[in-house]
Number of protein chains: 2
Amino acid sequence: MARRPTVYDVAKLAGVSTATVSFAFRRPDEVRDSTREAVLQAARELGYVPSGAARGLARGGTGVLGLQSFDLLTESDILSPEAQHPNDGPPDPRVFPLYVDEVQRGFELECRQRGRSVHISNDPRTPQDVTDHAGRVDGLAVFPSRAGLSGVAGVLESVVRTVPIVLFSMGGVSADDAFHRVQADNDGGARALIAHLVDHHDARRLTFLGDLAAPDYQERFTAITDELATRGLAPPAAPLTTSPHTATGDHTATDDTASEGLPAANDAADIAAIITDISVTDLPDAFVCASDQIAIALIEQLTRRGVSVPADVIVTGFDGILASRVLHPTLTTVRQPMADMGRTAARILIEEAEKRSGSGRTVILPTALVLGESCGCESITAA
Amino acid sequence: MARRPTVYDVAKLAGVSTATVSFAFRRPDEVRDSTREAVLQAARELGYVPSGAARGLARGGTGVLGLQSFDLLTESDILSPEAQHPNDGPPDPRVFPLYVDEVQRGFELECRQRGRSVHISNDPRTPQDVTDHAGRVDGLAVFPSRAGLSGVAGVLESVVRTVPIVLFSMGGVSADDAFHRVQADNDGGARALIAHLVDHHDARRLTFLGDLAAPDYQERFTAITDELATRGLAPPAAPLTTSPHTATGDHTATDDTASEGLPAANDAADIAAIITDISVTDLPDAFVCASDQIAIALIEQLTRRGVSVPADVIVTGFDGILASRVLHPTLTTVRQPMADMGRTAARILIEEAEKRSGSGRTVILPTALVLGESCGCESITAA
DNA sequence: TTGAAAGCGCTACCAT
DNA sequence: ATGGTAGCGCTTTCAA
């Protein structure tokens with residue numbers, strides 16, 4: 001493949017200046033027709049592809065929005081081995097699309113509509129990864145992740161001073177900073193769920209499943225506890241306490257070295273262990289899971305051990321991902337408006353990239369209780 | 001938000017040269033510890049985020065791979081109005097994830113694994129859009145699309161001379177060029193499907209549904225026709241003939257002006273019209289659809305008009321998207337290894353970005369017949 | 001180990 | 001309408 005031709009090459013071949021070449025492309029109507037044609041012709045002839053880097057440099061600002069995704073592979077850790085096909089295989093809703101995927105899709109759709117392209121970057125392993133990615137975009141949307149470790153999150157504090165950043169699902173953190181936030185109404189959703197479980201199913205002994213290090217999960221847990229208290233009920237059992245390491249998604253500049261040497265935190269593994277250890281002989285009235293994925297993995301495990309849902313015990317999820325509707329039993333869960341969250345984030349980034357206001361906005365989107373078979377509200381129609 | 005600090009700012013604050021700043025980041029071990037610390041400290045203090053553009057320019061080559069996606073919105077055109085929620089709503093497998101989404105996911109996963117980030121660009125509307133996007137990446141993967149219109153596809157011929165490009169699902173086109181191709185074994189899959197329909201269900205009168213302008217669809221149609229001929233049967237009826245405009249995904253440099261003024265081709269609309277017009281009184285033995293989406297829309301329409309599948313007529317799909325497994329009746333279809341296709345494309349691009357060999361590779365991945373309820377092979381368990 | 005300086009390819013301002 | 005040209009911010013020899 002040949003060296004990429006440049007404006008100079010095109011200019012020479014077309015017998016014009018580089019300025020004219022640039023204009024021919026960017027301001028077609030400010031160039032005489034014949035000239036423009038000559039330039040375009042020369043460009044085609046040379047296979048000229050303008051360097052995005054050079055352009056971005058010269059103009060300052062690329063029309064690109066970034067999405068800090070994270071390693072989806074570890075997401076399936078709580079699933080039974082069969083579900084973890086490494087390569088291809090039939091579509092499995094337990095693996096895709098998940099929460100992140102739906103949010104990402106909304107983000108992409110909005111960007112598409114507003115003429116922006118999307119830059120998807122890996123789970124950052126070092127602070128450098130973060131700055132490198134941030135340096136390529138006009139704004140960055142970030143999912144919470146185990147990146148809270150090793151100072152990766154801390155760097156965001158620094159980055160946000162020059163690049164607009166919106167944090168997904170990071171409620172509960174000091175909102176008095178430059179970060180923008182987009183989150184779901186965990187509180188309202190969790191309360192509605194508990195109200196249903198208690199008032200309608202007379203559930204009293206609940207067990208909560210989920211790593212409280214995740215801001216979202218923590219919010220849900222708190223709301224659940226409070227809503228139970230309101231009814232004079234005891235807080236839910238929560239077998240998983242906050243991990244010793246810095247909280248998932250925590251982005252405060254905490255002592256990095258403390259967690260630097262830790263093995264990658266893996267709440268999936270923790271959850272998996274707990275699910276496996278659950279006592280089948282002493283079941284609560286309901287397992288209230290912090291996410292649909294956890295609920296699904298739990299049901300799978302319970303079923304395997306002869307416990308039937310919802311006959312023997314109620315199980316609820318949270319998120320409302322596709323799998324919660326197409327697997328059986330369908331999940332009683334709280335749906336987050338994922339696509340909307342993605343779209344909102346993109347919108348904020350686009351606006352903010354221009355206004356450059358200093359303080360962060362927070363948008364909380366409504367959630368909705370969705371009744372399914374796993375609480376006994378719908379009859380199970382198929383296996 | 002402050003002006004983005006540059007190397008110069010950091011250099012000055014740290015009391016070193018810009019070269020040292022650069023080294024401190026990119027070659028940490030070639031800089032004295034104390035110096036490096038000073039630089040890092042200064043950088044943090046300033047909220048320094050290195051410009052990706054500048055870096056890309058200076059080094060030539062960004063670690064980014066591009067994916068030319070296309071406007072998913074029009075994809076749902078053949079669905080009943082209810083399915084076309086503009087914003088959020090419960091997850092609907094008829095809308096997501098589709099073929100492109102699964103391929104995209106594979107592409108992303110592979111990139112993630114190989115340390116590349118992904119640049120997702122919109123459906124190009126002008127040749128410029130194509131070059132602009134191509135100019136930002138080290139390699140580009142492209143889906144077939146209506147972009148064949150208005151010369152958008154033609155420009156790829158020019159672009160491929162300087163940027164590695166892999167074409168998805170574009171079989172049947174002259175393979176003697178610089179394009180790399182990743183496609184599914186349409187021929188084998190279609191033949192297996194026909195063999196099943198004819199040998200097992202004794203189907204003889206078939207109707208094919210799908211715009212033959214799509215290379216994939218054309219391949220399937222040809223294989224179907226041939227396989228039927230092999231059995232001494234008549235070719236399938238194909239109510240939709242090739243559109244008058246340049247073929248979808250066609251990237252040969254055809255006369256642009258001819259199609260320039262045309263309204264955006266919309267095979268979805270064509271299909272929708274045909275589906276609506278289908279005579280309920282003169283049904284074939286089976287409707288062999290070019291894609292799962294078409295099959296699903298068809299079944300929806302048939303059901304609405306009192307025709308039951310598979311009791312009254314058999315319907316088959318192609319692709320094996322998630323919806324084909326979770327809706328009822330489940331589809332008898334041919335599955336493409338979508339994630340693998342995406343991964344393969346990424347792999348090719350990464351390798352090729354280095355080797356820069358001149359000629360294109362073509363990889364054909366295997367397909368697999370999947371039996372479902374829509375041909376009567378499985379009993380329908382739920383509505 | 002660190003500094004000076006020459007680009008990388010494009011845009012945009014100032015002339016003409 | 002077109003040309004000359006000074007940067008944009010970073011990397012990378014080459015010297016010191």
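In the text below, chain A, chain B and the rest are named by the order of the sequence lines, each starting its count at 1. Bear in mind the structure is a predicted one, so any value in this text is a computation, not a measurement.
The side chain to side chain donor-acceptor pair (under 3.5 Å) contacts involving residues 36-47 of chain A comprise Asp33(A)-Arg36(A), Gln41(A)-Arg44(A), Gln41(A)-Glu45(A), where partners must be two or more places apart or lie in separate chains. Here ring-ring contact (aromatic ring centres under 6.0 Å, His included) pairs that include residues 14-49 of chain A, with residues two or more places apart or in two chains, are Phe25(A)-Tyr48(A). Applying the salt bridge (Lys or Arg N to Asp or Glu O under 4.0 Å) rule to pairs touching residues 50-63 of chain A yields Arg55(A)-Asp132(B), sequence neighbours excluded.
For the segment residues 34-45 of chain B, no residue has any heavy atom less than 4.0 angstrom from an atom of DNA chain D.
To the nearest angstrom, C1' of dT2(C) lies 12 Å from CD of Glu30(B).
Taking the salt bridge (charged side-chain N to carboxylate O under 4.0 Å, His left out) definition, one finds that Arg32(A) meets it with nothing, sequence neighbours left out. Among residues two or more places apart in sequence or in another chain, the side chain to side chain donor-acceptor pair (under 3.5 Å) test is passed with Thr20(A) by Ser17(A). Every salt bridge (charged side-chain N to carboxylate O under 4.0 Å, His left out) that Glu351(A) has, sequence neighbours left out, goes to Arg361(A). Val103(A) pairs by the side-chain contact (heavy atoms from CB on, under 4.5 Å) definition with Tyr99(A), Phe143(A), Phe168(A), Met338(A), not counting sequence neighbours. Among residues two or more places apart in sequence or in another chain, the side-chain contact (heavy atoms from CB on, under 4.5 Å) test is passed with Thr6(B) by Arg3(B), Tyr8(B), Asp9(B).
Here the closest non-hydrogen pair linking Thr162(B) and Pro5(A) is CG2-CD, 3.5 Å.
Between atom CG of residue Leu167(B) and atom CG of residue Asp177(B) there is a gap of 8.0 Å, rounded to the nearest 0.5 Å.
Protein chain A touches strand DNA chain D; the 5'-most and 3'-most nucleotides with an atom under 4.0 angstrom of its non-hydrogen atoms are dA1(D) to dG9(D).
When the C1' atoms of four end pairs are superposed on the next four at each end of the helix from dT1(C)-dA16(D) to dT16(C)-dA1(D), using five pairs per end, the two resulting axes differ in direction by 30°, to 10°.
When Arg116(A), Arg105(A), Arg347(A) are each tested for a salt bridge (charged side-chain N to carboxylate O under 4.0 Å, His left out) with Glu110(A), only one passes: Arg347(A).
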| Reading nucleotides 6-16 of chain C 5' to 3', which nucleotides get B (base under 4.0 Å from a protein heavy atom), which S (sugar-phosphate only), which -? | -BBBBSB----

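For the pair Asn122(B)/Asp129(B), no side-chain contact is recorded, criterion being any heavy-atom separation below 4.5 Å from C-beta on.
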